[in-house]
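Have a look at the structure below, then the notes.
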Protein chains: 2
Amino acid sequence: MTVTLDDVARRAGVSRSAVSRTFTPGASVSATMRTKVENAADYLGYSPNFLARSLTTRSTKLIGLVSNNFHNPIFLEVFDQFTRGLQDRGLRPLLVNLTNEKEASASVRMLKQYSVDGVIVASSTLPPGFSKAFRDAGLPVVNSFGRYEVMPEVHVLGIDDIACGRLAAGELIARGYKKVAFMGGPFDATSTQYRLSGFEKELQLYSDVECSHSFAEAYSYQAGRIEMARLLEAGTNADAYFCGDDVLSVGALSAIADKGLHVPEDIGVIGVNDMEMAGWHNINLTTIHQPFAEIIQCSINLIVGLLADPNKVPEATLFPCTLIERGTLRPRL
Amino acid sequence: MTVTLDDVARRAGVSRSAVSRTFTPGASVSATMRTKVENAADYLGYSPNFLARSLTTRSTKLIGLVSNNFHNPIFLEVFDQFTRGLQDRGLRPLLVNLTNEKEASASVRMLKQYSVDGVIVASSTLPPGFSKAFRDAGLPVVNSFGRYEVMPEVHVLGIDDIACGRLAAGELIARGYKKVAFMGGPFDATSTQYRLSGFEKELQLYSDVECSHSFAEAYSYQAGRIEMARLLEAGTNADAYFCGDDVLSVGALSAIADKGLHVPEDIGVIGVNDMEMAGWHNINLTTIHQPFAEIIQCSINLIVGLLADPNKVPEATLFPCTLIERGTLRPRL
DNA sequence: TCTACTTTTGCAACCGGTTGCAAAGCCGAT
DNA sequence: ATCGGCTTTGCAACCGGTTGCAAAAGTAGA
């Protein structure tokens, strides 16, 4: 059924090596030989078996794309851009869904068994040690949307979560909010603490502003809704909330609406990410934009670089985030 | 760096075949041999190379997961469930993003080169001939979310688009709408025509109801918004719209709001899919639910079945869809 | 025409596994 | 101790490619 190198060689009346060489860029083949082989190959519909080839070349062009964020709308965009970007460079994404696992070992073994050339861990919630497991196994790895560290153990790309927190705080202050609060996702999610600490640090500069914080059970609509309902019930009467994520913000908005309160008149809300739906007219969420496209482009460039030179010393690269003004904060004073 | 069969064999002082057999379920190995090999393997950290193995077994456990719907929020859920479901059965999804292509040939060649065991085409907008290209290349293929045909050329699973159109029509009638319209995505998208034809067929039973239709440029928020704005501007004063997709519906809602009109008082809107955001309070879209989980489960079962018996004659399987009542249609009379 | 040098080609070994086959080992029964 | 039958093991060929090396062919200069 499948046509092999031998079939082509036999039909073209040449050696196996000759056929192999015509399909290996940069190998030495004469023009006559090349056309003879190509004719035979076309006739038979031959194309080389990548996996057999990988046995000797030690390169599969497979990249493990590992994530546990299959429930955040921004990740649709993330997957789209990663898969397209990888494809454009002749690489193939082998998708790994970690939703049910927190341990890296199974994925590490599996990806080694498939001889992937490298791994991209795309997650803002996995612990930093996670990506390291791949590195320890000798796989080039890039952690996208990970947490900044001065001397990271693997390459990390992401926004400056501290600056992000400061930006949010600054905006709330510039709009005259006096009693503000941070509502994060789970405390142990990588980025949560940094966003909070940046937020608090900035607020310390303003002694007339009160600040509190709490954490939702997950980065989800329901969790945001529940947590905000609890806060309102408990009488935490903050006049503005910085939510650690857009979906969380929308959940919060729904709880606020249920209470009969109005945004931004009674309460202000600002999110993070700038998912597509944040711009939909009936959501219209003021939020902090993460430069996904840039982060993904750089991640891909980086992994491609690592394939050539796997020993580059790990760095953390930070990307700036920007405010997207919409309708859930009152105007600047 | 990587430890091979030979290393283990040498360390355990046994033949290569013995090692291979301990890692091949159902092969004949004595208990003594097994422990000897396993000890050596554990010591060296050995696990077999799947790709080398695939050369002789002719099975890679790789499944091509092909889609062009990377911009519809429901597909996050789709990818989540497909990847999880495949993983649970020991299969690995090789993701192919077709966003920029309409031709199958490149993907077919690529997936053959990677010797995938089968292909899942998950798309509601690719032409039926697309999946056939995989079959013609000798790859087992399942087309999920495809269009029903009595004698399909490949296995197809999806909702009954005609029934879906009828359901929408029936609901609009039951709520007393008299001048209704269908707003589809691109006319050539697989499912669009069937939904329209079901919709019209049902309406023909009611001579006092007027019906018109139009098509947006894409299944997207912007396209829905633009098309609805155009309709309102043109004075197509329908009192209810059946939109071919939820995202399209939200776009339509935004154009309606911009005109200062209210939903459902002035205009009713019903969508299709029941994406997660449709349930968010500030969207609150009445829509028709597609049973994604069931379709995906069955697709996976089917592809697994095809791996064992690739020659099963292709069938189309239909799944029922159901109304999800929310706030964009007025109540039944 | 002969020599020296460069390019093209084929041979054969190898990548990391699996598997048919025959030899070796084991068992209980005679 | 011998035999027959069953299980376990190793040998060697194979899966579909690549590649170092040496032989063959081509090219140019004298």
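Throughout, protein chains are lettered first and strands after them, A, B, ... in sequence-line order, and every chain is numbered starting at 1.
- Remark: the A/S17 side chain and the C/dC11 base include a donor-acceptor N/O pair separated by less than 3.5 Å.
- Contacts of B/R21 with the nucleic acid, taken as non-hydrogen atoms under 4.0 Å apart, include base atoms.
- Heavy atoms of other residues, nucleotides or ligands lying less than 6.0 angstrom from NZ of B/K61 number 12 at most.
- Between A/Y46 and the phosphate of D/dG17, there is a side-chain N or O to OP1/OP2 separation shorter than 4.0 Å.
- A/Y219 contributes no side-chain N or O that, together with a main-chain N or O of A/H71, makes up a donor-acceptor pair within less than 3.5 Å.
- With hydrogens and angles left out, the side-chain atoms of A/D161 and A/S191 include no donor and acceptor closer than 3.5 Å.
- Heavy-atom distances to DNA chain D give each of A/T57 and B/S28 a nearest nucleotide, and the one nearer the 5′ end belongs to B/S28.
- Distance CD/B/Q87 to CD1/B/I63: 12.5 Å, rounded to 0.5 Å.
- When distances are taken from the side chain of B/R58 to each of C/dG10, D/dC15, C/dG17, the shortest belongs to D/dC15.
- Separating the CZ atom of A/R34 from the P atom of C/dT9 is a distance of 10 Å, rounded to the nearest angstrom.
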Subject >> Residue pair B/R16, B/D6: steps toward the salt bridge (Lys or Arg N to Asp or Glu O under 4.0 Å) verdict >> reply: CA-CA 6 Å; B/R16 293 154 35 87; B/D6 280 287; 3.0 Å; yes

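- At the phosphate of D/dG10, OP1 or OP2 sits under 4.0 Å from a side-chain N or O atom of B/S15.
- The CG-C1' distance, from A/L5 to C/dC15, rounds to 15 Å in whole Å.
- Atom CG of B/D6 is separated from atom P of C/dC14 by 11 Å (rounded to the nearest Å).
- Side chain B/R16 to base C/dG17: a donor-acceptor pair is found below 3.5 Å.
- One can place CG of A/L51 at 22 Å from P of D/dC14, the figure rounded to the nearest angstrom.
- Closest contact between the side chain of A/T4 and the listed nucleotides D/dG16, C/dC15, D/dT19 involves D/dG16.
- Taking the six-membered ring where tryptophan is involved, the planes of A/F79 and A/F70 are tilted, since the angle between them lies from 30° to 60°.
- When the nucleotides C/dT18, C/dG16, D/dT18 are ranked by their closest atom to the side chain of B/N49, C/dG16 comes out on top.
- B/Y114 places its OH atom 15 Å from the C1' atom of D/dG16, with the value rounded to the nearest Å.
- Taking atom CZ of A/F50 as the reference point, atom C1' of D/dC15 lies 18 Å away to the nearest angstrom.
- In this structure, the CZ atom of B/F23 is 10 Å from the P atom of C/dT18, given to the nearest Å.
- In this structure, A/M33 places its CE atom 12 Å from P of D/dG26, rounding to the nearest Å.
- Among the protein residues, B/V29 comes within range of the sugar-phosphate backbone only, with heavy atoms under 4.0 Å from sugar or phosphate atoms but none that close to a base.
- Residue B/S30 places none of its side-chain N or O atoms closer than 4.0 Å to OP1 or OP2 of D/dT7.
- Comparing C/dT18, C/dT8, D/dG16 by their closest approach to the side chain of B/T56 singles out C/dT18.
- For B/L55, whose side chain is taken as the heavy atoms from C-beta onward, the closest listed nucleotide among D/dG10, C/dG16, C/dA13 is C/dG16.
- Distance from the side chain of B/T24 is smallest to C/dT18 among C/dT18, D/dG17, C/dG10.
- For the OP1/OP2 pair of C/dT18 and a distance below 4.0 Å, the side-chain nitrogens and oxygens of B/S20 include at least one atom meeting the criterion.
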